[in-house]
*Asks:* 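Sharing a structure below in structure tokens format, with a few things to ask.
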Amino acid sequence: MSWNFHPLEIAVLRALFNQPEGSREDSLREEIRMDPGQFQMATGWLKAKNLVEETVLETRTEVSLAEMGQQYVAEGFPEEWILRKLKEDPSLTLETLRKSVEDPSQISKAIGDLKEMGVLSIRAGGRLEQANPLPPALERTYGIIRTLDDRKSLTLEDLSLEDRELLGTFQRKRGKGKGVLRFDVREVRHLSLKKGSLSPEDLDVRDDLLGPVTTEMIQNRSWKGGTFRPYSLETPPPRPMLGQSHPYRDYLEEVRKQLVRLGFEEMSGPIVESEFWNMDALFIPQTHPARDIHDIYFVRDPREKSSLDENVLAGVRAVHAGEGNTFGSRGWRQPFNEKQARRLLLRSQGTAISARKLASGPRIPGKYFALARCFRYEQVDQTHAVDFYQAEGIVVEEGASFRTLLGLLTLFAREVAGAREVHFKPAYFPFTEPSVEVHVKHPQLGWMELGGAGLFRPEVLRPLGVTTPVIAWGLGIDRMAMMRLGLSDIRDLFSGSLHTLQSMILSRARNRQTTQQPL
Amino acid sequence: MPTLETTLRDLETLTGMTLPADTLDLLLDWVKGEIKELDPKTGTLKIELNDTNRPDLWTVEGIARQLRGGNSPSGRPWDRIFAGKESDPSPVIRIHPSVLAVRPVIGGFIARGPALGEEGLAQLIQTQERLSELYGRKRADVAVGIYPLKSFRFPLLYEAVAPDSVSFVPLGLDLPLSLRSILDHHPKGRAYKNLLSSRDTYPILRDDDGTVLSFPPIINARNIGEVSSPDAELFVEATGIDPGRVTLVINILAANLFDRGFTLTPVTVEESGKTTLYPCLEGPQILVPADLPGRVTGEDIDPDVFCRKLLDYGYVSVEVRKDGYHVQAPFYRDDILHPVDCVEDFLIARGYDSFVPSLPSSFTIGKEASTREPEELVRRLMSGLGFQEILSNILTSMEKDTKDLGRPSDRTVEIDNPVSRQFGVVRSTLLSFLLSSESQSSRFPYPHRLFEVGEVLEKTSGTMTDVNEKMLFSGLLSHPQASLSELAGMVFEVLRYMGHEPSLSPLEASPYITGRSGSLRTAKNSSPVGEIGEVHPEWLERWGIRMPTVLFEIDLSKIYPDFYGKKE
């Protein structure tokens, strides 16, 4: 058999011939002074050709602080923090504790853990009481973690058996995604030549063969009469990095193209909105829970818009207060607080953009859409991103009706989601009546919610100066994008890891191979 | 959104129907509800209710009642709700003028019936909580109190007193406490203290013997205000600010108890000579213009069908007259603000799926926003140069946005009420995510070429702080030989393709190496349009990056001023 070895392979093989018993991977690499990446490539090829055997000598687990861990080391662990607070104020209750922090879910979890360990008991009215000190094992675990910082890591295998167990338990209990410690497992391998597979002569390179084609070679025709050294075709070529647009952007682009194709014109609006456009103009009562500080993000500075649009303010105020010209509505019959209306927030729904469009004199008939970044006050997890995209829009048309609304949604279901079966559910939105939720049957996943829609209430339209009926619709596109890109965690849509990004792109490519995919 | 926890059995008993899961899901369309959880073993059922304007539907009785088309699950007609006649003399609550400035409204009724039972009690308490917390906005607008009818006597007095002048034993404690101490020491007191902290006097409800029933909206008195499952005689009250809201809460509780087999005695509330009877059985009336159902639905609606469907949905009466439909809704609803609300009820009663969809008929021209052009050009050019686009969240942490780049924090827009510090500010630059992306990707084959284009916010200082939204375009180059010159060559070429002739001027700024960073300038702009530079190893180390890295950031709004006019 004749081999066509790459020079890197030859270097590794030569070294291995000198060591009949084989060698540790790392010392071998040092011996031949090869770049780690190249070494890995070369040994990979040789393994693939079944010429080199490897055994794992030992595993080294490097333990370092993950994001949350750095915070804990700097500021203390939540369990300790709770006990300290409790010491300062023995009348502390679960509620006050939860309210005193920015991230109550962490506190809840820590309290749950403390209860389970018997450290804490919860008395009547949620009052907390320390029953026992922290278990010494946990204290010791914290101690070990505290020896780390953003630069320093430790090797798990260097610790005593007991300490290894402690860290292992800690990590298991925290669960993988919680991000206190990072465990990086590295294997130290032993490499040896497979007996009888090769002889040193196989490495002999005929030095009369021609190497790479060079410009000189072409110019002075030195190739004449020579033979080119054949390349080994089994050797996998290097993978380049492709420059591509982001797969989620591509998805948004497809949605955009679909909507434009259906006759919709794109709108845009600011990220920082006033409560007026985000809420009041949409007839969301000022006391509605969706306007609570636990539901939207407020801007710290500047806090308020200096003024509101006087043209629409009067009408909006009237329908909220239920006084004056309310366009046939009883209104909310609540005092309208202008200061609250001026408060600045991060846009929580794309409908704010529709309201602005309606107030600025839309074309009639007109169809509009926006792909808007929106923000909602939510704990970030697999299904909730800190900000997300919403497809929103309006249809302004004389004679627009509930039936037109259903027609439009059926069209979206077919054109945007590729669904044939549609079910309309009654829904509630403060700004539309009637309101509907559209559910579609996804070919693989079964029934799912595609979006919400409705006819804007007169209390929304009339103060903005619109007398034509208006259909308002919104589609949940993040979820559709996740399905397309093979993601189960919404956070991956905004991941910075090139590995995640590549797997999204490849997953999409595979999907496209197999089926005609709907968006 | 309110979530109701009940059992399938309770709902089946109240509706008198057998409810297999798939049927139930469809039926719940009638109440805008969705099954959140149904445990086939225990029969525990959780329903999410989407209509935030119909608190009557946030209760299992209310759902059952709606599913039965407005008929009471008790099987009795609504005119049997009172034990006697409405005109019979009824027990009295007197409102003392002292309480008018504090919490002016109270309503209540007496309910007698079979013992509550565990399920009935659990649902009653859940309803009380939900109405007080959600509809009553954490008791600020409405709070409900329920008492066994045994340890006190009518008439009752609702008044406001000085914080230290009255003491009683609150629920959950053994010792009498003054009103002030209750606010300071009782868990409920502390939880709701903010509702009264600005007041000099606090409301109490007591009888003529001075027995305190409760300290609304904080806590009931022990023994007197402690309901248990064998109780068959109850006094229910609600206090609040707005008479409409208090009445609705009282009406819902009255309907629910009637549904559970109770019969009611109304209570008269007297305030400076005026009397009001609770509950109020007169439902809201509204005129639905004759052409409205047809206009909203988009088809001809037979007036008889319209009337019949509304009655099926629980409306008390619908009368067709010349000017339209005269409609009366049931007394436990107060959500009808506009005639269009009645039309929606008609649609629900007839079934959304019974309407034939029709397409919008007007011709309109579809068009992308013009602001997208520069972005798209950036994407095309950068892809051509082999740059991978990344996409980051707009919210980030102050540390990442400023400290980790060695930049001041005064221009970063902060969130007043962040969920966590990790997402406490709106990004003012795309550079930190590029660096974070690079630090996460050290095992991905080099070279790395990354870019992002997206919105950022920036505080502008002037006479008044304002927020400026900018469109930035930034990139990163990272590999063993990465240098300013390599990246600058690319960026210059990109700018040329955007119609600008670029140049560099010295820039001393973090996180760059001095002498290897510059401000990007173009012939058309007097001020820099961006920056570029090799990242100093000190900052690379901070981000955990072990590869030479170069960054640039360009303000697209300056390159294309016409596309990004100042948005309102």
Side-chain angles (χ1 to χ4, degrees), chain A residues 93 95 102-103 124-127 239 241 243-246 248-249 256 260-261 263-266 268 270-272 287 293 297-302 328-330 365-367 373 377 379 386-387 395 397 401-404 406-408 410 424-428 433-434 436 458 494 496-499, chain B residues 29 32 50-51 137 172 187 191 296-299 337-338 340-341 344 347-348 352-353 355 357-360 362 364 366-369 371 379 383 385-395 413-421 423 433 436-437 440-441 444-445 449 455 465-467 469 567:
Chain A
T93 66
E95 247 340 272
E102 284 166 359
D103 181 0
R127 206 168 55 78
R239 283 179 84 160
M241 183 181 177
Q244 296 197 64
S245 48
H246 192 281
Y248 186 28
R249 284 271 196 208
R256 177 177 284 116
V260 169
R261 200 167 62 88
F264 285 83
E265 181 176 338
E266 190 172 13
S268 52
I271 291 177
V272 171
T287 53
I293 53 158
Y297 290 114
F298 291 102
V299 175
R300 180 166 297 168
D301 174 39
S329 173
R330 285 164 74 210
K367 297 212 280 277
R373 204 66 95 92
Y377 195 90
Q379 257 329 306
V386 56
D387 45 72
V395 175
E397 183 180 286
S401 67
F402 185 63
R403 284 182 55 192
T404 337
L406 299 187
L408 184 73
T410 310
F424 298 111
K425 277 173 100 68
Y428 178 79
E433 192 84 8
V436 54
F494 300 96
S497 152
L498 291 177
H499 299 276
Chain B
D29 280 0
K32 300 185 183 175
N50 292 318
D51 197 335
R137 294 201 307 138
V296 172
T297 55
E299 65 180 45
L337 304 181
H338 188 279
V340 75
D341 293 297
E344 193 197 63
L347 297 176
I348 295 173
Y352 276 13
D353 286 335
F355 289 87
S358 69
L359 280 176
S362 311
T364 55
K367 181 154 83 175
E368 291 189 7
T371 48
R379 277 196 194 102
S383 306
L385 283 167
F387 278 70
Q388 170 64 50
E389 184 178 24
I390 56 173
L391 193 57
S392 64
N393 284 117
I394 289 185
L395 296 190
V413 174
E414 285 175 85
I415 293 169
D416 217 10
N417 56 328
V419 174
S420 82
R421 253 193 0 203
F423 304 109
F433 190 70
S436 137
S437 179
Q440 290 172 58
S441 307
F444 198 84
R449 292 179 292 258
E455 307 91 336
T465 325
D466 204 354
V467 176
E469 188 175 325
K567 288 179 201 159

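Chain identifiers are assigned alphabetically (A, B, ...) following the order of the sequence lines, protein sequences preceding nucleic acid strands; residue numbering begins at 1 within each chain. What you see is a predicted model; the values in this text were computed from it and never measured.
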*Asks:* Over all heavy atoms of both residues, which pair between A:G328 and B:H338 is shortest? Give the atoms and the distance, please.
*Replies:*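 What the structure gives for the nearest pair is O-CD2, 3.3 Å.
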*Asks:* For A:S497, is it the side chain, the backbone, both or neither that has a heavy atom under 4.5 Å from a heavy atom of chain B?
*Replies:*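 Both backbone and side chain.
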*Asks:* Looking at A:V299, A:D301, A:V395, A:V436, which one has more heavy-atom pairs under 4.5 Å with chain B than the rest?
*Replies:* A:D301
*Asks:* Against chain A, work out which of B:L359, B:I348, B:D51 has the most heavy-atom pairs shorter than 4.5 Å and name it.
*Replies:*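 Counting heavy-atom pairs under 4.5 Å, the top option is B:D51.
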*Asks:* Nearest heavy-atom pair of B:F433 and A:F494: which atoms, and what distance?
*Replies:* CZ-O, 3.5 Å
*Asks:* So which atom in B:R137 and which in A:T287 form the shortest heavy-atom distance, rounded to 0.1 Å?
*Replies:* CD-O, 3.0 Å
*Asks:* Please round to the nearest 0.5 Å and tell me the distance separating atom CD of B:E455 and atom CD1 of A:I271.
*Replies:* 4.5 Å
*Asks:* Quick check for you: among A:K367, A:R127, A:H499, A:R261, which has the greatest number of heavy-atom pairs under 4.5 Å with chain B?
*Replies:* A:H499
*Asks:* Under a 4.5 Å heavy-atom cutoff, which of B:T465, B:L385, B:D29 has the most pairs with chain A?
*Replies:* B:D29
*Asks:* Any side-chain to backbone donor/acceptor pair from B:T364 onto A:G366? Under 3.5 Å, distance only.
*Replies:* no
*Asks:* Between B:T297, B:N50, B:V340, who has the most heavy-atom pairs with chain A when the cutoff is under 4.5 Å?
*Replies:*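 The option with the most such pairs is B:T297.
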*Asks:* By a 4.5 Å heavy-atom criterion (distance strictly below it), what part of B:R449 contacts chain A: side chain, backbone, both, or neither?
*Replies:* both
*Asks:* Under a 4.5 Å heavy-atom cut-off, does chain B meet the side chain of A:P458, its backbone, both or neither?
*Replies:*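 For A:P458, side-chain heavy atoms alone lie under 4.5 Å from chain B.
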*Asks:* Does any heavy atom of chain B fall under 4.5 Å from the side chain of A:F264, the backbone, both, or neither of them?
*Replies:* backbone
*Asks:* Can you tell me how far apart CZ (A:F424) and CZ (B:F355) are? Round to the nearest 0.5 Å.
*Replies:*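 The CZ atom of A:F424 sits 12.0 Å away from the CZ atom of B:F355.
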*Asks:* Between B:G172, B:A191, B:S436, B:S437, which shows the greatest number of heavy-atom pairs under 4.5 Å with chain A?
*Replies:* B:S437
*Asks:* Any chance you could measure A:L406, atom CG, to B:D353, atom CG, to the nearest 0.5 Å?
*Replies:* 8.0 Å
*Asks:* Of all the heavy-atom pairs spanning A:L408 and B:P360, show the shortest one and how long it is.
*Replies:*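 Smallest interatomic distance, heavy atoms only, reads CD1-CG, 4.0 Å.
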*Asks:* Examine whether an atom of B:S392 lies under 4.5 Å from a heavy atom of chain A, and if so say whether it belongs to the side chain, the backbone or both; otherwise answer neither.
*Replies:*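 It is the backbone, since no side chain atom gets that close.
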*Asks:* Sort out for me which of B:G298, B:S358, B:P187 touches chain A most, counting heavy-atom pairs under 4.5 Å.
*Replies:*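 Answer, by heavy-atom pair count under 4.5 Å with chain A: B:S358.
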*Asks:* Tell me the closest heavy-atom pair linking B:N417 and A:Y377, and the distance in Å.
*Replies:*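 Smallest interatomic distance, heavy atoms only, reads O-CE1, 2.8 Å.
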*Asks:* Indicate yes or no for a side-chain donor-acceptor contact from B:D341 to the backbone of A:E433 under 3.5 Å, with no hydrogens or angles considered.
*Replies:* no
*Asks:* Within the distance-only criterion (no hydrogens, no angle test), does the side chain of B:S362 pair as donor or acceptor with the backbone N or O of A:P365 below 3.5 angstrom?
*Replies:*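 No; zero donor-acceptor contacts below 3.5 Å.
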*Asks:* Between B:E389 and A:H246 (side chain of the first, backbone of the second, donor and acceptor by atom type, cut-off under 3.5 Å), is there such a pair?
*Replies:*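 Yes: the side chain of B:E389 pairs with the backbone of A:H246.
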*Asks:* Can any side-chain N or O of A:E266 pair as donor or acceptor with the backbone N or O of B:E368 at less than 3.5 Å?
*Replies:*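 Checked: no pair found.
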*Asks:* Are the side chain of B:E469 and the backbone of A:V272 linked by a donor-acceptor contact shorter than 3.5 Å?
*Replies:* no
*Asks:* Donor-acceptor check, side chain of A:D387 to backbone of B:L395, threshold 3.5 angstrom: yes or no?
*Replies:*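 Checked: pair present.
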*Asks:* Check salt bridge (Lys or Arg N to Asp or Glu O under 4.0 Å) between B:E299 and all other residues, then give those that pass, not counting sequence neighbours.
*Replies:* A:R403, B:R350
*Asks:* Could you tell me which non-hydrogen atom of A:R300 sits nearest to which non-hydrogen atom of B:I415, and how far apart they are?
*Replies:*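 Smallest heavy-atom distance, with atoms named: NH2-O, 3.4 Å.
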*Asks:* Answer whether the closest heavy-atom distance between the side chains of A:R249 and B:L391 falls below 4.5 Å.
*Replies:*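 Side-chain contact under 4.5 Å: yes.
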